[in-house]
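Here's the structure, in structure tokens; my notes come after.
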Amino acid sequence: MEPVTLATERLVLRTVGPDDTEAVYAAAQDPDMQRWISQFPSPYLREHAESFTGQTVPDGWAHDSMYTFGVFLARGELAGMLGITMRALGVGEVGFWAVKEHRGRGYITEATLAAARWAFTVLSVDRLEWRAEVGNGPSRAVAERAGFTVEGTLRSAINNNGVRRDCWVGSLLPSDLSLPSTAPYLPART
């Protein structure tokens with residue numbers, strides 16, 4: 001799929017490329033991001049940012065495996081990053097981070113909702129999952145504000161720098177955003 005651009009009231013969500021490498025590199029120097037994001041090498045070097053913006057992001061779009069959006073303020077400044085990785089037929093997993101100076105302003109929640117609507121309506125996703133290491137309260141707060149239902153804790157489900165860790169898991173369904181599903185859903189009867 002060719003990359004798309006999404007817009008919200010305050011944000012532009014667009015793919016990132018080599019011109020964004022410096023902003024990604026600078027944001028990734030935040031020790032909190034290196035601590036909580038299991039995909040971040042630590043230390044995060046310039047070549048990691050170059051590989052991300054020059055290869056990982058375009059390859060994900062080209063192979064319909066991962067749809068990565070830079071979350072930009074209207075004036076063009078990078079506020080964060082959001083990706084939807086396809087995990088199974090009709091199931092995607094959202095991941096996100098916010099640049100330190102832009103945290104606490106609702107940008108990533110706003111971006112998550114826009115990307116979720118896009119995934120449900122364009123990608124035919126029927127379940128969007130979110131996972132975060134237990135203890136990553138800011139990530140959980142974003143997920144809950146975006147409407148995700150936290151479903152539980154998965155033991156030893158994340159490998160963060162060679163250490164197995166427990167993670168929270170949650171889901172968002174099209175019906176949570178008043179959108180139709182592409183497949184019927186029959187909830188469990190209790």
Side-chain angles (χ1 to χ4, degrees), residues 1-28 33 37-40 48-99 101-103 105-132 139 142-149 170-183 185:
M1 168 182 281
E2 287 296 316
V4 300
T5 298
L6 307 174
T8 70
E9 184 178 319
R10 304 181 294 165
L11 306 169
V12 174
L13 282 67
R14 64 163 175 81
T15 191
V16 292
D19 290 345
D20 302 301
T21 300
E22 186 57 39
V24 170
Y25 173 72
M33 289 196 338
I37 300 173
S38 59
Q39 297 86 3
F40 266 38
H48 297 128
E50 290 169 352
S51 177
F52 178 73
T53 60
Q55 184 173 8
T56 303
V57 171
D59 285 356
W61 282 96
H63 298 118
D64 289 319
S65 58
M66 182 172 61
Y67 307 96
T68 303
F69 296 94
V71 178
F72 292 89
L73 303 180
R75 63 182 178 263
E77 186 177 355
L78 180 68
M81 196 70 59
L82 181 143
I84 296 176
T85 303
M86 298 310 296
R87 295 293 183 207
L89 183 62
V91 179
E93 181 180 334
V94 67
F96 44 74
W97 52 260
V99 175
E101 50 272 10
H102 295 299
R103 292 182 189 144
R105 297 181 181 154
Y107 295 142
I108 302 305
T109 301
E110 187 175 321
T112 299
L113 284 165
R117 285 185 184 94
W118 174 78
F120 292 145
T121 59
V122 175
L123 299 179
S124 300
V125 166
D126 283 320
R127 176 181 167 87
L128 194 56
E129 295 182 348
W130 156 86
R131 295 171 191 238
S139 181
V142 167
E144 289 177 334
R145 283 193 304 269
F148 281 75
T149 298
S171 69
L172 186 70
L173 306 179
S175 59
D176 297 331
L177 301 180
S178 301
L179 296 170
S181 295
T182 60
Y185 169 49

Problem - side chain to side chain contact (heavy atoms under 4.5 Å, CB included) between Y67 and M86, intermediate numbers included - result: CA-CA 8 Å; Y67 307 96; M86 298 310 296; 3.8 Å; yes
Exercise for the section: Could you please spell out the steps behind the side chain to side chain contact (heavy atoms under 4.5 Å, CB included) verdict for F52 and M81? Expected result: CA-CA 12 Å; F52 178 73; M81 196 70 59; 4.0 Å; yes
Practice task
List the steps, then state whether side chain to side chain contact (heavy atoms under 4.5 Å, CB included) holds for V71 with F96.
Solution key: CA-CA 9 Å; V71 178; F96 44 74; over 6 Å; no
Exercise for the section: Take L73 and L11 through the side chain to side chain contact (heavy atoms under 4.5 Å, CB included) test and state the conclusion after the steps. Expected result: CA-CA 5 Å; L73 303 180; L11 306 169; 3.8 Å; yes
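Using a 4.5 Å cut-off on side-chain heavy atoms (C-beta onward), V122 and M1 make contact. The closest side-chain heavy-atom distance from L172 to F120 is below 4.5 Å. E77 places none of its side-chain heavy atoms less than 4.5 Å from the side chain of V99. With a 4.5 Å cut-off on side-chain heavy atoms, W130 and S139 count as touching.
Side-chain atoms of R87 do not come within 3.5 Å of backbone N or O of E93 as any donor-acceptor pair. For the pair S51 (side chain) and H48 (backbone), a donor-acceptor distance under 3.5 Å is absent. Here the side chain of D59 pairs no donor or acceptor atom with the backbone of T56 at under 3.5 angstrom.
Taking both residues in full, the closest heavy atoms of M33 and A27 are given as CE-O, 3.0 Å, listed atom of the first, atom of the second, then distance. Residue T8 comes nearest to A114 through the heavy atom pair CG2-CB, 3.6 Å, listed as atom of the first residue, atom of the second, then distance. Between V24 and A49 the shortest heavy-atom distance is CG1-CB, 4.2 Å. Among all heavy-atom pairs drawn from D20 and F72, the shortest one is OD1-CZ, 3.7 Å. Taking both residues in full, the closest heavy atoms of A116 and L128 are given as CB-CD2, 3.7 Å, listed atom of the first, atom of the second, then distance. Of all the heavy atoms in E129 and F148, the pair that sits closest is C-CE2, 3.9 Å.
Taken from CH2 in W118 to CG in L123, the straight-line distance is 4.0 Å, to the nearest 0.5 Å. L78 CG to E101 CD: the interatomic distance, rounded to the nearest 0.5 Å, is 9.0 Å. Interatomic distance, CD1 of I108 versus CG of L82, reported as 7.0 Å (0.5 Å rounding). Separation of atoms CG (D126) and OG (S171) is listed at 12.0 Å; rounding is to 0.5 Å.
E110 and R10 are joined by a salt bridge, as a carboxylate oxygen and a charged side-chain nitrogen come within less than 4.0 angstrom of each other.
By the salt bridge (charged side-chain N to carboxylate O under 4.0 Å, His left out) test, E144 pairs with R140, sequence neighbours left out.
When each of L13, V12, V57 is paired with F69, the side-chain contact (heavy atoms from CB on, under 4.5 Å) condition holds for L13 and for no other.
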